[in-house]
Amino acid sequence: MYVEEARKLIVRPGSYDVIVAGGGVAGIAAAVSAARAGSKVLLVERMYAVGGLATLGLITIFLPLCDGNGHQLCYGLAEELLRLSISHGWERDYPATWMEESEHGEERFQVRYNAQVFALLAERLLRKSGVQILYGTQICSVIRKDDRVEAIVVENKSGRSAIPARMFVDATGDADLFSLAGAPTALYGKGNILAAWYYETLNGRTTLHMVGAADVLPNEKDTIVPDAIEIERISGLDAAEVSEAIQHGHGVILEKFLEKGGVSEEHSLATIATIPQLRMTRRIIGACTLDEADDHKTFGDSIGMTGDWRKRGPAFEIPFGTLHAPSLSNVLAAGRCISVTDAMWDVARVIPPAIVTGEAAGLAAALFDDLGNADVEKLQKRLCGQHVRLHLEDVL
């Protein structure tokens with residue numbers, strides 16, 4: 001065993017109201033929402049672009065904002081970011097049967113956007129909103145006192161330092177802040193099937209190949225895996241395990257690409273994912289846990305809604321209690337690590353609900369100092385002012 005010498009931590013310059021950990025779509029929404037509410041916001045991201053799985057992971061399908069029956073459920077930043085992602089064009093429309101014309105004659109749809117363009121547009125939005133972005137930065141610890149996180153400890157090219165803030169949003173996808181702070185968390189029991197999506201250009205046409213897509217279908221115990229990769233499921237939380245799986249996926253991509261010939265002006269491997277394409281890993285155990293059985297249930301503390309991207313009909317209100325845990329008074333969750341059951345996880349992890357929870361978490365971080373005493377009605381009123389719909393009765 002090696003013992004690392006004790007060392008003093010440099011406190012990074014800058015006084016922040018809110019630190020958002022993770023720059024995926026949930027983190028983008030949280031940071032923009034907090035900044036628009038007047039907070040000084042720092043977004044910490046380990047890669048060198050924002051968007052997470054939605055950009056760097058090439059999971060480039062903006063899934064429906066509705067219940068599949070013509071009722072839009074996700075509003076606010078969810079709609080704003082959808083429109084932003086296709087503001088300069090899109091790669092592919094999806095069948096209109098997913099999102100029929102609504103009662104008000106507005107066309108709703110799902111779309112495949114360009115990952116790199118969306119990443120740059122989202123970064124520009126963050127900068128225009130006044131968010132400071134710290135790229136290439138890994139969060140390796142937290143400083144906790146009683147029920148509050150006082151600072152995060154990070155490593156980057158500048159070395160190791162501590163960054164304090166009043167409030168924090170965990171949009172890491174893996175509930176890293178909660179875990180580092182010692183808050184209760186839960187793991188996804190089934191693990192992740194390896195995916196290796198990539199873009200190939202052949203004869204002037206660029207195509208997305210969704211190799212090993214692992215999407216759970218409703219009412220089925222198993223998964224449908226188009227072009228499956230033969231490898232054991234992984235938790236996504238062990239570095240060696242993930243590294244080995246990624247290398248295996250790279251080998252599959254290379255083999256499939258070369259099946260159509262070598263590299264030429266007509267044939268190129270356009271892009272591969274630069275982060276693991278993991279769906280569900282670790283989540284918080286919150287003040288409330290949302291389940292698939294809560295379809296069409298009303299929650300007094302709802303902060304937004306989502307449908308079930310896998311099928312028509314279901315509609316869920318998302319309680320504020322899914323975004324925070326009783327053991328931490330100044331840390332919120334957003335995105336795929338909010339408090340849901342395993343059955344609900346596959347519904348809650350995708351882009352629209354991730355943005356819905358991110359917007360609410362960021363605004364709550366701007367408004368409150370103690371989540372245990374949060375004025376949820378105040379949060380709801382502000383969300384409504386941001387064009388968010390909170391309850392099913394408002395749209396059905």
Side-chain angles (χ1 to χ4, degrees), residues 1-2 4 21-27 44-60 115-116 119 134-142 152-157 159-160 170-180 185-200 208-216 223 225-258 269-283 335-337 345-346 349 354:
M1 175 185 291
Y2 295 100
E4 185 178 16
V25 292
V44 178
E45 169 55 44
R46 63 188 176 89
M47 304 299 287
Y48 282 87
V50 293
L53 279 173
T55 58
L56 303 173
L58 300 186
I59 312 298
T60 54
Q116 287 74 26
L134 190 60
Y135 281 137
T137 300
Q138 181 74 42
I139 298 172
C140 47
S141 184
V142 302
I152 56 172
V153 179
V154 302
E155 291 255 12
N156 54 26
K157 293 294 288 185
R160 191 178 182 96
D170 187 337
T172 63
D174 302 321
D176 286 341
L177 284 192
F178 283 86
S179 179
L180 290 169
T185 58
L187 304 181
Y188 182 60
K190 296 180 70 173
N192 292 265
I193 293 176
L194 179 61
W197 294 22
Y198 67 97
Y199 277 85
E200 176 187 42
L208 173 63
H209 296 279
M210 296 183 283
V211 180
D215 294 324
V216 180
T223 57
V225 187
D227 217 354
I229 300 174
E230 295 300 326
I231 190 173
E232 291 185 2
R233 289 175 178 263
I234 61 173
S235 70
L237 297 173
D238 180 88
E241 171 197 60
V242 174
S243 297
E244 183 61 32
I246 290 297
Q247 292 170 72
H248 186 84
H250 288 166
V252 172
I253 291 172
L254 182 60
E255 180 181 352
K256 288 185 174 295
F257 170 73
L258 292 176
L269 184 55
T271 186
I272 64 174
T274 52
I275 61 173
Q277 295 168 329
L278 300 166
R279 265 60 169 187
M280 295 163 278
T281 54
R282 179 171 55 206
R283 63 167 177 82
R336 74 172 195 240
C337 61
W345 211 332
D346 194 44
R349 66 176 174 82

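Model, not experiment: these values are computed from the prediction. Residues: numbered from 1 along the sequence shown.
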**OP:** Output, in order, the C-alpha distance, side-chain angles, deciding distance and verdict of salt bridge (Lys or Arg N to Asp or Glu O under 4.0 Å) for R283 and D174.
**Re:** CA-CA 6 Å; R283 63 167 177 82; D174 302 321; over 6 Å; no
Original post:
Going through the distances and angles, do T281 and R336 end up as a side-chain contact (heavy atoms from CB on, under 4.5 Å)?
Top reply: CA-CA 9 Å; T281 54; R336 74 172 195 240; 3.9 Å; yes
Original post:
Hey, does L254 have a side-chain heavy atom less than 4.5 Å from the side chain of H250?
Top reply: no
Original post:
So do the side chains of L237 and L187 get within less than 4.5 Å of each other, counting heavy atoms only?
Top reply: yes
Donor-acceptor pair, side chain of [X] and main chain of [Y], under 3.5 angstrom:
X    : Y    : result
E244 : A240 : no
S179 : A175 : no
Q116 : T55  : no
N156 : G136 : no
R282 : A186 : no

Can you tell me how far [atom2] of [Y] sits from [atom1] of [X], rounded to the nearest 0.5 angstrom?
X    : Y    : atom1 : atom2 : result
T274 : M47  : OG1   : CE    : 4.0 Å
E232 : N192 : CD    : CG    : 13.5 Å
I272 : L58  : CD1   : CG    : 8.5 Å
L269 : E200 : CG    : CD    : 7.5 Å
M210 : Q277 : CE    : CD    : 11.0 Å
I275 : L56  : CD1   : CG    : 5.0 Å

**OP:** Show the numbers, then the answer: is there a side-chain contact (heavy atoms from CB on, under 4.5 Å) between R160 and V154?
**Re:** CA-CA 6 Å; R160 191 178 182 96; V154 302; over 6 Å; no
Which atom of [X] lies closest to which atom of [Y], heavy atoms considered:
X    : Y    : answer
E241 : S235 : OE1-OG, 3.0 Å
A115 : A54  : CB-O, 4.3 Å
V25  : A354 : CG2-CB, 4.0 Å
F257 : Y198 : N-OH, 4.1 Å
P276 : V242 : CG-CG1, 3.7 Å
I234 : A245 : CD1-CB, 3.9 Å

Original post:
Excluding sequence neighbours, so at least two apart, what forms salt bridge (charged side-chain N to carboxylate O under 4.0 Å, His left out) with R46?
Top reply: none
**OP:** Give the intermediate values and the outcome of side-chain contact (heavy atoms from CB on, under 4.5 Å) for residues R233 and K190.
**Re:** CA-CA 8 Å; R233 289 175 178 263; K190 296 180 70 173; 4.0 Å; yes
**OP:** Dump the intermediate steps for side-chain contact (heavy atoms from CB on, under 4.5 Å) on I253 and W197, then the final yes or no.
**Re:** CA-CA 8 Å; I253 291 172; W197 294 22; over 6 Å; no
Original post:
Would you call the rings of Y188 and W345 parallel, tilted or perpendicular, where under 30° means parallel and over 60° means perpendicular?
Top reply: perpendicular
**OP:** Using side-chain contact (heavy atoms from CB on, under 4.5 Å) as the criterion, point out the one residue from T137, D176, I139, L180 that pairs with I152.
**Re:** I139
